[in-house]
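Accompanying notes for the structure given below.
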Amino acid sequence: MTETFRHSGEYPQQQSSAPVHHGGTQGAYAQGAYPPPPVFAPEAPQGPPPPPGHAPARRRRAKGPVALLAAVAIAAAAVGGGTAYAVQSLTDRGGGSSATSTDVVPTSKKGTVSGVAEAVSPSIVEVSATTAEGKSTGSGVITRSDGEIVTNNHVIAGATSIKVRTNDGKTYDAEVVGTDSKKDLALIQLKGASGLKPATLGNSDNVKVGDEVVAIGSPEGLTGTVTSGIVSALDRDVTVPTGEGQEQPQNPQGGWPFEFDGRQFNGDTGASKTTYKALQTDASLNPGNSGGALIDMNGNIIGINSAMYAPSSSQGGAESASSGSIGLGFAIPIDTVKDDLGKLRSGSKT
């Protein structure tokens with residue numbers, strides 16, 4: 001086919017009118033090194049000519065690169081968006097501290113207390129236990145959609161019956177699956193529950209002093225109460241009772257009893273007790289918050305609230321406990337809970 005370009009006089013006008021490129025291209029053509037291209041060079045045929053009524057092959061090919069570039073751009077955008085999300089979810093903590101890649105709080109409300117409350121409140125319940133000594137009220141965290149709930153052992157210890165109220169107001173009977181009094185943890189199961197929203201268990205290893213947190217529970221039976229603060233200390237050795245009836249009925253005017261640094265607070269912890277490393281928070285905790293959630297600003301559970309300090313004041317020479325929180329609350333780190341879940345699910349009761 002190239003021989004046809006060399007027929008004498010085939011492109012006389014194009015040779016005389018071809019523009020000069022790069023200061024000397026036309027001179028090269030005059031020496032006969034290469035035949036000068038036409039102003040509109042015909043494309044080399046790629047196959048038989050199209051049948052009458054069809055678009056020329058050149059037009060069809062012109063659309064090909066455009067479509068290909070558009071497809072590549074779309075694919076790149078999809079991959080790029082996915083990569084950006086993965087990086088954000090692994091590194092952007094939005095004021096929180098969890099190392100998990102899960103962002104429970106919607107992006108538009110990330111880093112806000114209201115966003116955390118809206119996202120996590122459906123996963124927090126009120127736990128009411130009836131014992132031989134009366135009733136105790138605490139909180140719990142939904143860990144499975146079928147109604148598996150983790151709470152403090154001292155909330156349900158010695159219970160003859162347990163009732164749980166969910167965030168939407170529904171009430172269920174519950175039974176104890178497993179207990180670990182040494183870690184003050186218990187696992188209970190709702191009867192006939194389904195479709196509940198489980199909480200996302202985070203990572204407490206990376207929690208730092210000063211991290212923002214939210215606490216959700218049922219203080220004084222006020223289901224779904226939300227407070228906020230920061231993590232104020234790590235690895236506090238807190239001692240709490242493991243016996244029966246250690247929640248509200250024992251200390252109606254103050255918090256539940258616990259020990260720290262060799263001293264007892266909020267009453268006598270009794271002979272049966274256990275000590276664990278706790279997260280300390282200034283988020284307001286009150287009786288009934290036991291077993292509830294301490295949450296990072298991504299909406300991940302980083303601790304199970306378990307103890308608080310209620311100060312004593314002197315009235316007529318007698319010591320009486322104040323009913324309010326002064327910002328000294330303690331939570332079992334969620335990594336301790338996760339390490340214990342297998343044992344609790346197996347039905348172990350210690």
Side-chain angles (χ1 to χ4, degrees), residues 120-181 183-194 196-199 201 215-227 240-252 255-258 285-295 301 303-308 329-332 334 336-337 340-341 344-345 347 349:
V120 185
S121 289
S123 303
I124 312 301
V125 301
E126 178 183 294
V127 179
S128 298
T130 301
T131 71
E133 298 179 2
K135 290 185 177 182
S136 67
T137 301
S139 305
V141 176
I142 299 172
T143 50
R144 288 201 312 215
S145 61
D146 64 353
E148 180 187 83
I149 292 169
V150 65
T151 185
N152 286 139
N153 179 66
H154 71 258
V155 172
I156 54 86
T160 55
S161 68
I162 302 172
K163 290 190 178 295
V164 172
R165 183 167 61 174
T166 55
N167 181 256
D168 59 5
K170 294 181 180 178
T171 301
Y172 298 86
D173 291 326
E175 60 185 2
V176 177
V177 176
T179 60
D180 187 343
S181 61
K183 295 181 180 178
D184 195 20
L185 292 172
L187 198 67
I188 62 176
Q189 177 67 48
L190 305 189
K191 298 179 180 180
S194 63
L196 303 183
K197 182 180 180 180
L201 306 186
I216 303 179
S218 300
E220 309 293 350
L222 301 174
T223 305
T225 296
V226 177
T227 58
V240 296
T242 61
E244 299 180 7
Q246 299 291 348
E247 187 62 24
Q248 279 179 247
Q250 299 299 310
N251 302 280
W256 49 100
F258 75 97
L285 301 181
N286 290 286
N289 272 114
S290 276
L294 190 67
I295 312 157
I301 312 299
I304 299 297
N305 299 320
S306 58
M308 58 161 283
F330 304 93
I332 302 169
I334 200 62
T336 301
V337 179
D340 212 35
L341 270 179
L344 295 173
R345 285 169 173 163
K349 296 179 180 179

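Predicted, not measured: the structure shown is a model, and the values here were computed from it.
Val141 approaches Gly292 most closely through the heavy-atom pair CG2-C, 4.1 Å. Ser306 and His154 get closest at one heavy-atom pair: O-CE1, 3.4 Å. Scanning all heavy atoms of the two residues, the minimum distance from Ala193 to Gly147 falls at CB-CA, 4.3 Å. In terms of heavy atoms, Val164 sits closest to Ala174 at CG2-CB, 4.0 Å.
Qualifying salt bridge (Lys or Arg N to Asp or Glu O under 4.0 Å) partners for Arg345, counting only residues two or more places apart in sequence or in other chains: Glu148. Under the side chain to side chain contact (heavy atoms under 4.5 Å, CB included) criterion, Thr130 pairs with Lys135, Thr160, Ser161, sequence neighbours left out.
With Asn305 contributing its side chain and Ala293 its backbone, the two residues share a donor-acceptor pair below 3.5 Å. Although no hydrogens or angles enter the test, the distance criterion places a donor-acceptor pair under 3.5 Å between the side chain of Ser139 and the main chain of Gly288. Between the side chain of Thr131 and the backbone N or O of Gly134, at least one donor-acceptor pair lies under 3.5 Å. Listed for the Asp184 side chain is a donor-acceptor partner under 3.5 Å among the backbone atoms of Asn153.
Pairs engaging residues 167-179 under the salt bridge (charged side-chain N to carboxylate O under 4.0 Å, His left out) rule: Lys163-Asp173 [sequence neighbours left out].
Summarising the geometry, atom CG belonging to Leu196 is positioned 4.5 Å from atom CD1 belonging to Ile142; distances are rounded to the nearest 0.5 Å. Distance check, rounded to the nearest 0.5 Å: CG of Leu341 to CG of Leu185 gives 8.5 Å. Distance OG1/Thr225 to CG/Asn286: 9.0 Å, rounded to 0.5 Å. Rounding to the nearest 0.5 Å places CD1 of Ile216 at 3.5 Å from CD1 of Ile295. The structure places OG1 of Thr179 at 6.0 Å from CD1 of Ile156, a figure rounded to the nearest 0.5 Å. Note: Ser218 OG to Asn289 CG = 7.5 Å, rounded to the nearest 0.5 Å.
Each of Leu344, Ile301, Val150 was evaluated against Thr143; a single residue qualifies, Val150, per the side chain to side chain contact (heavy atoms under 4.5 Å, CB included) test.
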Inset, instruction - Walk me through it: do Ile332 and Asn152 pass the test side-chain contact (heavy atoms from CB on, under 4.5 Å)? - result: CA-CA 9 Å; Ile332 302 169; Asn152 286 139; 3.6 Å; yes
Inset, instruction - I would like to know whether Ile149 and Tyr172 meet side-chain contact (heavy atoms from CB on, under 4.5 Å); could you show each step before the answer? - result: CA-CA 12 Å; Ile149 292 169; Tyr172 298 86; over 6 Å; no
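Side-chain contact check for Val337 versus Lys183: every heavy-atom pair is 4.5 Å or farther apart. For the pair Met308/Ser290, no side-chain contact is recorded, criterion being any heavy-atom separation below 4.5 Å from C-beta on.
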Please list every donor-acceptor pair under 3.5 Å in which a side-chain atom of residues 121-128 meets a protein atom from a residue at least two apart or in another chain.
residue, atom, partner, partner atom, Å
Ser121, OG, Ala117, O, 2.7
Ser123, OG, Lys197, O, 2.7
Glu126, OE1, Arg165, NH2, 3.3
Glu126, OE1, Thr223, OG1, 2.6

